[in-house]
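This report concerns only the one structure given below.
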Amino acid sequence: MTVKVRFAPSPTGKLHVGNVRTALVNWLFAKGQGGSFVLRIDDTDLARSTPEFEQGIEDDLTWLGLLWDERHNQSRRFDRYEEAAARLKASGRLYACYETSEELDRRRKVQLSRGLPPIYDRAALELTEAEKAAYEAEGRRPHWRFKLEGKRVAWEDLARGHAEVDTASMSDPVLIREDGLFLYTLPSVVDDIDMAITHIIRGEDHVTNTGAQIEIFEALGATVPGFAHMPLLVGADGAALSKRLGSLSISDMREQGYEPIAITSHLGKIGTSDALEVGASVQALGDSFAFSKMGRSPARYDTADLDRLNAQALHAMDYAVAQPRLAALDADLGQAFWEVVRPNLQKFADVVGLAAIVRGPVAPVIEDAAFAAAALEALPETVDETLWPTWTNAVKEKTGAKGKGLFMPLRLILTGQPHGPDMAAIAPMIGRERIVRRLKGETA
Ligand code: GLU
């Protein structure tokens, strides 16, 4: 069997780390075994979906390297949903209901006050044609519910193992609203059938839906696909992330300078038994992905881990990969420079500040004028790779300074900062003229 999965976002907001993790796990699972990945835009809600959000989803997935093999919009497939609805109506599984939401609320309250579960009582199944006609004459339009069989629906979940939902404990789901809008439940199943999806991979908040949707697959005479429901994300404090997800959009993370491979490595590995390390590529992440590595406990999303992976990705980045980005930031000072400064990067753009050390301007920090003067006197005529040991030895002899007392003042004078790249490597790149000016206290 060739694996075929889908990621089905609604274009009603920006992608955040929660839904990107779903996209990613689908992608990794499929691409790890040469399968295909479908992008399905769930835009049946025409009022809330926007072309801008849809474009944003495509841009984010492309930037992350999660390319799709097929792409569909639900808004172009309404005829398929009508057809499926007609079949379900004909078989008696989709039935018209006329209750207003106030009436349903009132009934739920009565049920609860009697200690009964607030599930829909199926009163509409008893309506006569005359009663329905009377409602229509009043101007009411029906909404349509799917008649559940009320049984234990079971499946072998790739992430959770044996899973069961008792559809007898659920209300018959509304598939079509009174204004004719198809809610998510039916179109999703129709698409999964038409697109021959082999595995539905999504968050565990969909487990109950799966019970109803398996019944719909069966009612439409289709093969039921495999399922995997992933544990949800929690924050570093262990609290559910669902309410904070809005502030963790991929476009914001992109602006904050995170590397796509750091994001995909992080989201692909949290909640699994793999070490949190950055992958060589998103395909390499797919090659090592397996549901058997995924635990049942929630995946802990900690920005500190992402920061660490981001730095790791930069520290391993080849010059050939970095070069166009360095050029775009006007910070391409050659391969040797890149290799000296990359261990100091947290975000790629930090390189701009490091390039300033080499080409200026740096405002030197001189804490001891006599020390700076002695260092200037000791500066060799030729500044090359041998500069640092020769020069620091000479300064040591002249001033008696050693260890931190020798190296920190030189770093502060040459770079203006207490931390930074390896001085032995960066000092020759600064060049004699700038070193002299900085030793004299000039910004250079
Ligand atoms: N549009 C649905 C959602 O974002 C898709 C769920 C599914 O994967 O079936 O929740």
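Bear in mind the structure is a predicted one, so any value in this text is a computation, not a measurement. Numbering of ligands and ligand atoms starts at 1, following listing order.
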Short N or O distance, Ala8 and ligand 1, threshold 3.5 Å exclusive: yes

Numbered atoms and elements of ligand 1 in range of Asp42, under 4.0 angstrom, heavy atoms: 1 (N), 2 (C), 5 (C)

Ionic contact status for Asp332 with Arg325, cut-off 4.0 Å: no

Lys/Arg N to Asp/Glu carboxylate O, Lys347 vs Asp350, below 4.0 Å: no

Nitrogen or oxygen atoms of Arg40 and ligand 1 under 3.5 Å apart: no

Numbered atoms of ligand 1 (with element) below 4.0 Å of Arg202, judged on heavy atoms: 7 (C), 8 (O), 9 (O)

Nearest neighbour in protein (non-hydrogen) for atom 8 (O) of ligand 1: Arg6 NH1, 2.7 Å

Atoms in ligand 1 with a heavy atom of Ser10 nearer than 4.0 Å: 1 (N)

Asp69 and Arg6: CA distance, side-chain angles, deciding distance, salt bridge (Lys or Arg N to Asp or Glu O under 4.0 Å) verdict: CA-CA 10 Å; Asp69 304 290; Arg6 85 302 194 276; over 6 Å; no

Atoms of ligand 1, numbered as shown, that sit under 4.0 Å from any heavy atom of Ser188: 9 (O)

Interfacing atoms of ligand 1 (cut-off 4.0 Å, heavy-atom, His206): 6 (C), 10 (O)

Side chain Arg145, main chain Tyr95, donor-acceptor under 3.5 Å: no

Electrostatic pair Arg254-Asp59, nearest N-O below 4.0 angstrom: no

Single hit among Asp252, Asn310, Thr303, Asp307 for side chain to side chain donor-acceptor pair (under 3.5 Å) with Tyr258: Asp307

Part of Phe7 with heavy atoms under 4.0 Å of ligand 1, whether side chain, backbone, both or neither: neither

Heavy atoms of other groups near Glu385 CD, more than 12 under 6.0 Å: no

